[in-house]
Amino acid sequence: LKPGGANIPVTEKNKKEYIERMVKWRIERGVVQQTESLVRGFYEVVDARLVSVFDARELELVIAGTAEIDLSDWRNNTEYRGGYHDNHVVIRWFWAAVERFNNEQRLRLLQFVTGTSSIPYEGFASLRGSNGPRRFCV
């Protein structure tokens with residue numbers, strides 16, 4: 001996990017660092033082969049020099065593009081749980097805040113919640129999660 005780490009006892013003082021390094025190692029180790037295959041395949045199609053100037057967010061926008069978010073489509077295709085519903089005061093506050101956002105802020109919210117700022121061309125009704133179709137959920 002770190003140079004000389006085998007000789008460093010885990011204490012209350014360094015416990016947080018140990019856990020962070022262990023989690024990072026386990027996550028990266030589990031997907032190294034898949035990530036390497038994905039990157040090799042990507043670079044077979046796209047010249048690495050062309051994409052090296054972009055950070056991850058910029059690259060996603062280049063690949064997927066950006067769209068003007070249709071708030072009524074988003075709201076009409078949102079699922080509520082935990083006692084919330086479209087007319088709940090907290091939900092009204094949520095949508096009032098989102099209405100005040102500019103499109104970039106809305107895209108960032110969408111990316112934070114779903115992991116992507118891409119909207120399917122069919123709209124929010126076709127939003128997908130990692131395990132298939134998934135509506136936006138509050």
- Residues Arg21, Glu17: salt bridge by 4.0 Å N-O rule: yes

- Note on the structure: Residues Ser72 and Asp70: closest non-hydrogen pair is OG-OD1, 2.8 Å

- Note on the structure: Applying salt bridge (charged side-chain N to carboxylate O under 4.0 Å, His left out) to Glu79 and not counting sequence neighbours gives Arg81

- Checking side chain to side chain contact (heavy atoms under 4.5 Å, CB included) for the pair His85/Ile91: CA distance, chi angles, key distance, verdict? CA-CA 7 Å; His85 50 83; Ile91 300 303; over 6 Å; no

- Does atom CD of Gln33 have more than 12 heavy-atom neighbours, drawn from other residues, nucleotides or ligands, at distances under 6.0 Å? no

- Message: Rounded at 0.5 Å granularity, tell me how far SG in Cys137 sits from CG in Asn77.
- Response: 13.0 Å

- Item | Interatomic distance, Phe112 atom CZ to Gln105 atom CD [nearest 0.5 angstrom] | 14.5 Å

- Hey, could you give me the CG/OG1 distance between Leu38 and Thr35, rounded to the nearest 0.5 Å? 7.0 Å

- Message: Does atom CZ (Phe136) have a neighbourhood of more than 12 heavy atoms from anything else shown, all under 6.0 Å?
- Response: yes

- Rounding to 0.5 Å, atoms CG (Asn102) and CZ (Arg108) come to a distance of 9.0 Å

- Task: Could you tell me which non-hydrogen atom of Thr11 sits nearest to which non-hydrogen atom of Asn14, and how far apart they are?
- Result: N-OD1, 2.5 Å

- Decide yes or no on side chain to side chain contact (heavy atoms under 4.5 Å, CB included) for Phe101 and Ile69, but give the supporting numbers first. CA-CA 11 Å; Phe101 289 176; Ile69 290 184; over 6 Å; no

- Query: What distance separates Arg135 CZ from Tyr80 OH, expressed to the nearest 0.5 Å?
  - Reply: 9.0 Å

- For Glu12, side chain to side chain donor-acceptor pair (under 3.5 Å) partners two or more places apart: Lys15

- Is it the case that one hydrophobic cluster holds both Val53 and Val51, taking links as side-chain heavy atoms less than 4.5 Å apart, direct or via other members? yes

- Partners passing ring pair (Phe, Tyr, Trp, His ring centres under 6.0 Å) against Trp95 (at least two apart in sequence or in another chain): Trp74

- Item | Hphob cluster co-occupancy, Val45 + Leu50, side-chain heavy atoms under 4.5 angstrom | no

- Go through the steps for Arg92 and Asn87 under the test side chain to side chain contact (heavy atoms under 4.5 Å, CB included), then give the verdict. CA-CA 6 Å; Arg92 290 195 320 256; Asn87 204 31; 3.6 Å; yes

- How long is the span from the CD atom in Glu99 to the CZ atom in Phe94, to the nearest 0.5 Å? 10.5 Å

- Task: Show your working on side chain to side chain contact (heavy atoms under 4.5 Å, CB included) between Leu127 and Phe124 and close with a plain yes or no.
- Result: CA-CA 5 Å; Leu127 204 58; Phe124 281 91; 4.2 Å; yes

- Take Lys24 and Glu20 through the test salt bridge (charged side-chain N to carboxylate O under 4.0 Å, His left out) and record every step on the way to the result. CA-CA 6 Å; Lys24 184 176 188 249; Glu20 288 171 351; over 6 Å; no

- Would a hydrophobic clustering, with Ile, Leu, Val, Met, Phe, Trp and Tyr connected at side-chain separations under 4.5 Å, put Leu1 with Ile8? no

